[in-house]
Amino acid sequence: MTVIDVIEPATEKVLASVERATLPELDNVIARAALAQRQWAAESPQRRAEALLAIAAEIQNNSESLAQIEARNVGMPISDARDAVAGAAATFRYYSAAPERLMGHTIPVAGGVDMTFREPIGVVGLITPWNYPLLIAAWKVAPALAAGNAVVLKPAELTPLSALKLQEYARAAGLPEHLFNVVVGPGSSVGRHLIEHPQIGKIAFTGSTEVGKDIARRAADGIKRVTLELGGKSAALVFADADLDAAAEGLTGAVFGNSGQDCCARSRVFVERSALTPFLEKLEKVVSNIVVGDPLADTTQMGPLVSASHAATVGRYVDDAPVLFRGTTPAGPGFWFPPTVLHPISDDHPAAREEIFGPVVSVLAFDDEHEAIERANNTIYGLAGSIWTTNAARSLRVARAMAAGALAVNSYTSVRFSTPFGGFKQSGLGRELGPDALEAYTEVKNVFFNTNAR
Ligand code: NAD
């Protein structure tokens, strides 16, 4: 048996050791999942709905211990981890309404009746990253099960603990055996095997754009269905008439939240030139007040980065970049990195162009709306974005012009379990959450019924 040591980023100590799945074990898991799926798909919609509600209740009943696990494994502040756990429960609750509402169409045709059904895909493979392990798993597991699939979930090797707990809670909630399976192991072996396995009908992946491309190429061989939630370099456009306090204060969560390890991080903030000086003054106060420290303390707003190697990567981006000001970090062990503001910086600087996935924001000045939109869109990514202005017409005009999938006006909120989420361009393919996610876990079947038959 090979084990993977799971490291706690705030202490650099081993938090747990988990068993790494072998490829023959994965084959067995998939074979059993395929059998369990047939029974699950034949269950009544009510029974599937009840099972999802029971999972939501189980998550809620164990919410504090799950939040502690997530906070310790990711280094996420406990208050954010509690929100993530509540979000995971809410996602299961939301999709518990889906089995009874998975409706098709009847379509007018000559000579009979035509109807469509939304059929489950079968066994779906889910591959998730380390930044919000439980929440992102829930976004995939809940709609996949609701639609009648079985799932095999491979969490990131760095953060498998909450996914393993979710599996345990799903079983305790009465979900049939072998329907929801967690396999731990590296992407290069376990992840790849999942993608290439003939009994896996679909891969839902969240992670880096680079790995997403590799998955899409490999999945193409079996014409596997794929949804991809990938990287971002999201922009906020702050116009001079905006509530500058709210736009600056909101960055505490929007780019420094989860230490910037957030695919929607607003890591490029374009500020109208006439508001630049007051905006930077406000942002400096915000950054100096961010409480960076022990993830388990209630007052902590930012924890460490997830690993030593990730901290080194983030550091390389900042080494030759113009740091205007930065916040503090605790001394001692832990993969700490201070909230950092870069300015003045060119749009072409790697730190202003590439996804850093750390607590680093580039502040860039603009002179007019058209220029701001052009520069915000000048990226391979298109995940999220914000528009800060009190001019309603402009806010909608700019929102329509920005090439991104999740936009917010006078807000940094990109994700709700009840609304679709996903990226334009190289930020992804397909949508998760909201009603749209069910389409990603079903196939449309068309049936023509000849009413002229005798
Ligand atoms: P990653 O791409 O390195 O890994 C993600 C998952 O893929 C892990 O489970 C990993 O083991 C697996 N994996 C790695 N190589 C693989 C391969 N060749 N075949 C199959 N699986 C493989 O990403 P990460 O470092 O865990 O997460 C950070 C990235 O995720 C960032 O780029 C971030 O933007 C992105 N992300 C996107 C969203 C979104 O919704 N768009 C959300 C969170 C994170």
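Atoms within a ligand are numbered from 1 in the order they appear, just like the ligands themselves. Note that these values count all heavy atoms, side chains included, but never hydrogens, waters or copies made by symmetry. Numbering starts at 1 and runs along the sequence shown.
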_Heavy-atom nearest neighbour of atom 23 (O) of ligand 1 within options Ser208, Gly423, Gly232, Gly185_ = Ser208
*Could you name the option among Asn258, Leu230, Leu383 that has the heavy atom nearest to atom 37 (C) of ligand 1?*
Leu230
Quick test: of every protein heavy atom, which one is nearest to [atom], and how far off is it to 0.1 Å?
atom: atom 25 (O) of ligand 1; result: Trp130 NE1, 2.9 Å
atom: atom 17 (C) of ligand 1; result: Gly187 O, 3.6 Å
atom: atom 12 (C) of ligand 1; result: Ile127 CG2, 3.6 Å
atom: atom 28 (C) of ligand 1; result: Phe357 CE2, 3.5 Å
atom: atom 16 (C) of ligand 1; result: Val211 CG1, 3.4 Å
atom: atom 36 (N) of ligand 1; result: Cys263 CB, 3.6 Å
atom: atom 27 (O) of ligand 1; result: Pro129 CB, 3.4 Å

*Are the side chains of Arg218 and Glu196 in touch, meaning some heavy atoms are under 4.5 Å apart?*
yes
*Please list all pairs passing the ring pair (Phe, Tyr, Trp, His ring centres under 6.0 Å) test where one or both residues lie in residues 188-223, with sequence neighbours left out.*
His193-His197
Is there a donor-acceptor contact under 3.5 Å from the side chain of [X] to the main chain of [Y]?
X: Asn73; Y: Leu158; result: yes
X: Gln301; Y: Val291; result: yes
X: Asp294; Y: Leu296; result: yes
X: Lys425; Y: Gly382; result: no
X: His310; Y: Phe357; result: yes
X: Asn181; Y: Val152; result: no
X: Lys165; Y: Ser65; result: no

*asked:* Test ring-ring contact (aromatic ring centres under 6.0 Å, His included) on Phe270 and Phe366; report intermediate values, then the result.
replied: CA-CA 6 Å; Phe270 292 91; Phe366 71 87; 7.1 Å; no
Using heavy atoms and a 4.0 Å limit, tell me yes or no: is [X] in contact with ligand 1?
X: Gly422; result: no
X: Ile136; result: yes
X: Tyr132; result: no

Can you find an N/O atom of [X] closer than 3.5 Å to an N/O atom of ligand 1?
X: Thr128; result: yes
X: Lys154; result: yes
X: Glu355; result: yes
X: Gly207; result: yes
X: Ser427; result: no

Where's the contact between [X] and ligand 1, heavy-atom distance under 4.0 Å: side chain, backbone, both or neither?
X: Thr206; answer: both
X: Glu432; answer: neither
X: Pro155; answer: backbone
X: Asn131; answer: side chain

*asked:* At less than 4.0 angstrom from any non-hydrogen atom of Ile195, what atoms of ligand 1 do you find?
replied: 19 (N), 20 (C)
*For Asp214, the ligand 1 atoms whose distance to one of its heavy atoms is below 4.0 Å*: 18 (N)
*Applying the side-chain contact (heavy atoms from CB on, under 4.5 Å) test to Leu15, which of Leu161, Asp5, Ile69 qualifies?*
Leu161
_Among all the protein's heavy atoms, is there at least one whose distance to atom 4 (O) of ligand 1 comes out below 4.0 Å?_
no
*Answer with yes or no whether the side chains of Arg266 and Ser234 bring together a donor and an acceptor at under 3.5 Å.*
no
*May I ask you to check whether Trp388 and Tyr412 place their ring centres under 6.0 Å from each other?*
yes
*For the residue pair Phe337 and Tyr317, is the inter-centroid distance of their aromatic rings smaller than 6.0 Å?*
no
